[in-house]
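Worksheet for the structure shown next.
Heads up: numbering here begins at 1 and tracks the sequence.
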Amino acid sequence: MLTLKLLREQPQYVIDRLAVKNFDAKEIVEKILDADKQRRAIQGELDNCLAEQKVKAGQIGMMMKSGDKAGAESVKQEVAQLKDKSKSLDEKLSETEKEQNALLVLLPNLPCEMVPLGKGAEDNVVVKLVDNIPTLPSDALPHWELAKKLDIIDFDLGVKLTGAGFPVYKGKGARMQRALINYFLDHNTAAGYLEVEPPVMVNEASGFGTGQLPDKEGQMYHVGLDGFYLVPTAEVPVTNIYRDVILAKSDFPVKMTAYTPCFRREAGSYGKDVRGLNRLHQFDKVEIVQLALPEESYAALDGMVAHVEQLVKELGLPYRILRLCGGDMSFTSAITYDFEVYSAAQGRWLEVSSVSNFESYQANRLHLRYKDENGKTQLAHTLNGSSLALPRILAALLENNQTADGKIVVPEVLRKYTGFEFID
């Protein structure tokens with residue numbers, strides 16, 4: 001959430017920066033500033049009313065001591081009227097603050113200056129390309145056919161048990177899932193990330209804190225009876241560990257990693273691009289999260305990008321890194337780098353990770369702060385990245401590593417986790 005201070009001091013700057021995200025903020029910014037003027041006027045009136053009330057309360061005591069009971073009774077009536085007025089003003093203030101906050105959450109985060117202009121994915125900038133694309137056998141199969149042939153993923157059984165987008169992993173397919181999760185977690189903890197195992201359901205306050213609510217409630221699975229939400233990513237519970245926390249400068253950087261199943265409704269997704277593992281409603285993902293000092297968050301972002309790149313490299317997959325344009329960025333991000341791996345049998349790039357800096361946007365919603373060297377409270381910066389999402393990684397591994405004799409070669413870095421070199 002953007003700060004009121006920024007909106008008061010640089011409203012045109014906010015409008016201009018949000019235009020990079022193709023977001024017309026002028027009307028909302030004007031309404032927020034109008035509401036802010038009203039709120040401050042009401043607050044001033046309320047403060048004066050309470051101050052007058054306090055003075056008159058003191059007068060009552062003095063009048064009672066001097067024996068002026070009639071005067072004291074008259075002032076008591078004035079105090080009662082002031083109390084009624086202050087109560088009304090307090091209610092009005094609360095309502096104005098609610099209206100202002102409802103407008104504030106409609107504004108996305110400002111994109112940083114490095115974000116390129118653009119309307120959609122076609123305008124993203126490729127900042128690195130490693131195109132070691134394998135030459136496949138002439139009878140190479142896409143991963144959904146390989147999975148069926150090798151009996152390692154059962155999409156039809158998932159439909160029976162739940163519905164489309166909920167596959168069942170079997171045998172070596174299940175073992176590959178476990179191997180990837182353990183490999184990713186081990187890689188992350190070796191780099192200094194603290195492993196945590198969070199709940200996979202969160203409350204509304206957690207969804208609001210990281211910006212999923214109220215923006216993405218239509219994409220989240222809601223457990224209506226209890227008001228909980230199934231996590232769309234481990235980012236939500238992990239970052240919220242530090243909601244309403246004030247840190248010391250010496251606490252930074254805070255680095256955490258977590259594995260969770262993730263749940264996304266993906267409403268409106270259909271067609272050939274969502275076949276097999278390309279787009280699921282439930283999938284496994286390992287996440288990395290950092291809390292950083294504002295002056296160190298972009299160095300932290302570069303480190304996280306390099307960290308994710310090393311994972312993809314060690315799996316031997318062709319990959320590219322994209323800097324997302326304004327029109328393709330998330331509501332909460334200040335800058336995002338996407339990692340895509342090449343799926344040789346499908347002949348297309350598949351997104352497997354997003355690494356983002358949210359600057360102070362999430363921290364403002366979370367009330368995540370720290371004390372600076374002068375003892376003043378400041379907002380921290382938050383970052384996160386997929387490290388990695390499993391479905392499309394597995395899809396690319398199956399397709400790119402298939403051999404002429406129908407086997408799948410397991411990457412060397414995974415073999416100590418799988419216990420086998422081939423899927424056959």
Side-chain angles (χ1 to χ4, degrees), residues 1-54 82-113 115 204-217 240 243-246 294 297 326 329-334 357-372 374-382:
M1 188 164 64
L2 301 180
T3 64
L4 277 171
K5 183 176 185 292
L6 176 64
L7 288 162
R8 287 188 200 119
E9 295 176 355
Q10 302 184 72
Q12 191 57 49
Y13 173 75
V14 170
I15 292 167
D16 292 345
R17 290 312 300 159
L18 287 180
V20 175
K21 279 191 170 183
N22 302 310
F23 188 93
D24 186 355
K26 188 174 187 297
E27 184 178 353
I28 297 174
V29 169
E30 289 174 352
K31 286 181 178 179
I32 290 171
L33 293 177
D34 286 344
D36 189 49
K37 288 177 183 177
Q38 292 177 35
R39 183 191 63 79
R40 285 187 286 169
I42 295 166
Q43 183 68 67
E45 192 176 356
L46 176 59
D47 290 343
N48 291 336
C49 187
L50 292 171
E52 187 178 356
Q53 189 177 311
K54 185 177 180 181
L82 286 168
K83 284 183 176 179
D84 288 342
K85 183 180 178 181
S86 62
K87 181 182 178 183
S88 175
L89 286 169
D90 191 56
E91 290 172 352
K92 191 176 179 181
L93 179 65
S94 178
E95 188 60 35
T96 304
E97 287 175 341
K98 285 180 183 177
E99 291 173 4
Q100 186 179 58
N101 287 333
L103 290 166
L104 273 170
V105 299
L106 297 178
L107 292 177
N109 196 5
L110 304 186
C112 85
E113 299 294 339
V115 172
E204 186 176 347
S206 293
F208 176 83
T210 43
Q212 277 69 29
L213 297 175
D215 182 48
K216 294 183 177 65
E217 60 264 52
N240 271 276
R243 175 160 39 96
D244 298 320
V245 170
I246 299 177
S297 71
M329 288 173 62
S330 75
F331 190 86
T332 52
S333 174
N357 188 348
F358 304 96
E359 296 186 357
S360 63
Y361 190 86
Q362 288 183 332
N364 193 28
R365 299 168 74 109
L366 292 158
H367 300 124
L368 165 55
R369 296 154 291 172
Y370 70 96
K371 296 265 188 172
D372 65 16
N374 300 315
K376 189 176 178 181
T377 302
Q378 306 284 0
L379 291 171
H381 279 195
T382 64

Under 3.5 Å, is there a donor-acceptor pair between the side chain of Asn48 and the main chain of Gly44?
yes
From Lys26 NZ over to Ile28 CD1, what is the distance, rounded to the nearest 0.5 angstrom?
12.5 Å
Are any of the side-chain heavy atoms of Val245 and Leu366 separated by less than 4.5 Å?
no
When every non-hydrogen atom of Ser297 is compared with those of His381, the smallest separation belongs to OG-ND1, 2.8 Å
Going by side chain to side chain contact (heavy atoms under 4.5 Å, CB included), name the residues that satisfy it together with Glu9, two or more places apart in sequence or in a different chain.
Lys5
Quick one: pull up CG in Leu368 and CD1 in Ile246 and give me the separation to the nearest 0.5 Å.
10.0 Å
With the side chain counted from C-beta on, respond yes when Phe23 and Pro111 share a heavy-atom pair under 4.5 Å apart, and no when they do not.
no
Grab the two heavy atoms, one from Asn109 and one from Thr332, that are nearest each other, plus how far apart they are.
ND2-O, 2.9 Å
What is the distance from atom CD of Glu99 to atom CZ of Arg39, rounded to the nearest 0.5 Å?
12.5 Å
Are any non-hydrogen side-chain atoms of Cys112 and Asn357 less than 4.5 angstrom apart?
no
Between Val29 and Pro11 the two heavy atoms that sit nearest each other are CG1-CB, 4.0 Å
Between atom CG of Asn101 and atom OG1 of Thr96, what is the distance when rounded to the nearest 0.5 Å?
11.0 Å
Gln53, CD atom: more than 12 neighbouring heavy atoms under 6.0 Å
yes
Using side chain to side chain contact (heavy atoms under 4.5 Å, CB included) as the criterion, list what pairs up with Ala205, not counting sequence neighbours.
Asn203, Arg243
Do Asn374 side-chain atoms and Lys376 backbone N/O form a donor-acceptor pair below 3.5 Å?
no
Salt bridge (Lys or Arg N to Asp or Glu O under 4.0 Å): which pairs involve residues 84-97, sequence neighbours left out?
Glu45-Lys85
Nearest heavy-atom approach of Leu110 to Leu6 is CD1-CD2, 3.8 Å
For Ala363 against Ala380, the heavy-atom pair lying closest together:
CB-O, 3.2 Å
Which residues satisfy the salt bridge (Lys or Arg N to Asp or Glu O under 4.0 Å) test with Lys54, sequence neighbours excluded?
none
Within the structure provided, determine whether Arg8 and Arg40 are in side-chain contact (heavy-atom separation under 4.5 Å).
yes
Side chains of Gln362 and Thr382: any donor to acceptor distance under 3.5 Å?
yes
Any chance the side chains of Asp34 and Gln38 put a donor and an acceptor closer than 3.5 Å?
no
Out of curiosity, Leu33 CG to Gln100 CD, how far, rounded to the nearest 0.5 Å?
8.5 Å
Taking side chain to side chain contact (heavy atoms under 4.5 Å, CB included) as the test, write out the residues that go with Asn364, two or more places apart.
Met1, Thr3, Leu379
Nearest heavy-atom neighbours spanning Pro108 and Leu18
O-CD2, 3.5 Å
Any Tyr361 side-chain heavy atom under 4.5 Å of Leu2 side chain:
yes
Non-neighbouring partners of Gln12 that pass side chain to side chain contact (heavy atoms under 4.5 Å, CB included), sequence neighbours left out
Ile15, Asp16
Checking Val105 against Arg365 for the side-chain contact (heavy atoms from CB on, under 4.5 Å) test, could you report, in this order, the C-alpha distance in whole Å, the side-chain angles of both residues, the deciding distance, and whether it holds?
CA-CA 9 Å; Val105 299; Arg365 299 168 74 109; 4.3 Å; yes
Find the distance between CG (Leu89) and OG (Ser94) and round it off to the nearest 0.5 Å.
12.5 Å
Any side-chain heavy-atom pair from Leu7 and Leu104 closer than 4.5 angstrom?
yes
